[in-house]
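A quick write-up on the structure given underneath.
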Amino acid sequence: MLDMSQASRIIVRFESVSLQYGHEPEILRNITFSIAAGSFTFLTGRSGSGKSSLLSLMYLAQRPSRGLVSLFGQNISFIERQALSAIRRRLGVVFQDFRLLDHLSTLDNVAIPLRIAGVREEEVMKHVPELLSWIGLARFLHAKPSTLSCGQKQRMAIARAVISRPDLLLADEPTGSVDSRVARRILHLFIELNKIGTTVIIATHNEHLIKELNISRVHLHLEGGRLLLLDTPKIF
Amino acid sequence: MFKRHSDLPSAGYLLLVIVTVVVFFSTLATASTLILQGIIERWYHNVSGTWTIQVIPVLGDSPAETQRQMNSIMRFLESTPGISVVQPLSPQQITQLLEPWLDSTELVSNISLPRLIEVVPQNGGLLDSETIFVELSEIFPNVSLDDHKAWLTNIAYISCFLDLNLIALFSIMFVLVIVATFFVTKSKILMYRSIIEILYLLGAQDDYIAIQFAHASLMQGLHGGLLGLSLALPVLLLITGWLASHLEGDFWLTLTLQPAQMAMKLGIIPIGVAWLAWLAKVSARLTVYKVIARPI
């Protein structure tokens, strides 16, 4: 069992989790690990290794075929519908395919988590433009996603994921469509969030990125449906 | 005041069109019903509380003899306690009443016509029409008395029927809007399923999504209702204007209500519109709760 949680509060726990789609071979096999609150975790693996599927279990898009998934101390198999929404509101998710709403502007897309949380419209109109300005999308406040480049859409998706300062940030290939300068800026944002308490889990196939960062982090690797621990922080 | 952000795209105007059509036709139907009820009320008012005594001329009597008989009958009636008004119709007045039907003054003047006396009993009096008729017919066998009860009863039934008709109309209107809202909302939920799933993944609860559908339905209901009303009122004015130019004499007056009365009674239409919009809102919200599937 890979357990990085000896001394810290556990925010994510997988116990003997397997995932299978229909009658296909299992994508994830007997995965067991814990993620501590406040940690910074990279999840790597070749394309098709199951990184996105693993993350999808964490953001509650599906249930495991076998095993137990626990988020914020709650077993998601027995959780009520209302409580599911409450857990999701504590998450920030950067989807690999962005999942932006094409009919909404950049501002309205990024504002969704705040509006769901019931934040006053005046606050929304204050914070969203600030973040978009920081991330380099100030000129595109009222633009629709279809008019933006892939890199701009990715930044919009990231902004949406972080706007509500989530307890747990899950990012699936967050730097896949941007250049290295923007990629570093995005990672810097994630690091800053991590410093103020957000637990960060990034799925990426770009292992160079991990080597470049000089931060205390956990490195998990998926291979053949199984999870390997490659690196842990020196100090918890 | 009603502006509200929605994460869902606007999808067509089907509900708006349905509400517009419903309100348009129900406004015309309501106005027509109100006008008819106005007519009935006036007829009822004019006819109730009065009796008509018909004096059939005796064969062979001259007009002077008929007039003497009329005078005797009137003296009898005027001396009867409980009668406040005795008003005979002159031969000329009776001729005028019949002229439109027979279309010939000469023909009418050659016919020996019954004489009519309008009698008004005192308000709150205990005088019974049957008792008076019995007393009268003992002295004057060639008279008849009509207290208009049968006519008044029929009028009352017609009025009741019109009321029930209006209630049925509004009920059908409300049911139609509820059903339309259900199907429109259900189809929109299916159409926007992928968007709704994203909203759920971002932490939305059922309420967050239901309120957006409800608000959209409310606005379509309001706009449709106002549009229907705006289209119906000019049509109503055209129709009543046409009638005014084609109806003769006092009949037009019986068709119209006083402006203040009309405005007050037609005021139920905007209230109905508001009710419709509220119904659409509630129906949409309940439909979302019922139909929406869990993404996980």
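In what follows, chains are A, B, ... by sequence order, proteins preceding strands, each numbered from 1.
- At least one donor-acceptor pair closer than 3.5 Å links the side chain of A:His103 to the backbone N or O of B:Asp7.
- Atom CZ of B:Phe183 is surrounded by 12 or fewer heavy atoms from other residues, nucleotides or ligands within 6.0 Å.
- Only the side chain of A:Leu104 comes within contact range of chain B, with at least one heavy atom under 4.5 Å from a heavy atom of that chain.
- Residue pairs that meet the side chain to side chain donor-acceptor pair (under 3.5 Å) test with at least one member in residues 154-172 of chain A, sequence neighbours left out, are A:Ser52-A:Asp172, A:Arg90-A:Asp167.
- A pairwise comparison of heavy atoms in A:Ser85 and B:Ala204 identifies OG-O, 3.4 Å as the closest pair.
- Here the side chains of A:Arg89 and B:Gln205 are in contact, with some heavy-atom distance below 4.5 Å.
- In this structure, the portions of B:Leu199 lying under 4.5 Å from any heavy atom of chain A include both its backbone and its side chain.
- The salt bridge (charged side-chain N to carboxylate O under 4.0 Å, His left out) check on A:Arg66 picks up A:Glu26, with sequence neighbours excluded.
- The environment of B:Phe25 atom CZ is sparse: at most 12 non-hydrogen atoms of other residues, nucleotides or ligands sit within 6.0 angstrom.
- Within a 6.0 Å radius of CD in A:Glu80, no more than 12 heavy atoms belonging to other residues, nucleotides or ligands are found.
- Counting heavy-atom neighbours within 6.0 Å of A:His205 NE2, excluding the residue itself, gives a total of 12 or less.
- Atom CG of B:Leu201 sits about 4.5 Å away from atom CZ of A:Phe95, to the nearest 0.5 Å.
- The side-chain contact (heavy atoms from CB on, under 4.5 Å) with B:Leu202 is formed by just one residue from the set A:Leu101, A:Ile112, A:Val93; it is A:Ile112.
- Heavy-atom distances place no part of B:Ser194 under 4.5 Å from chain A, backbone and side chain included.
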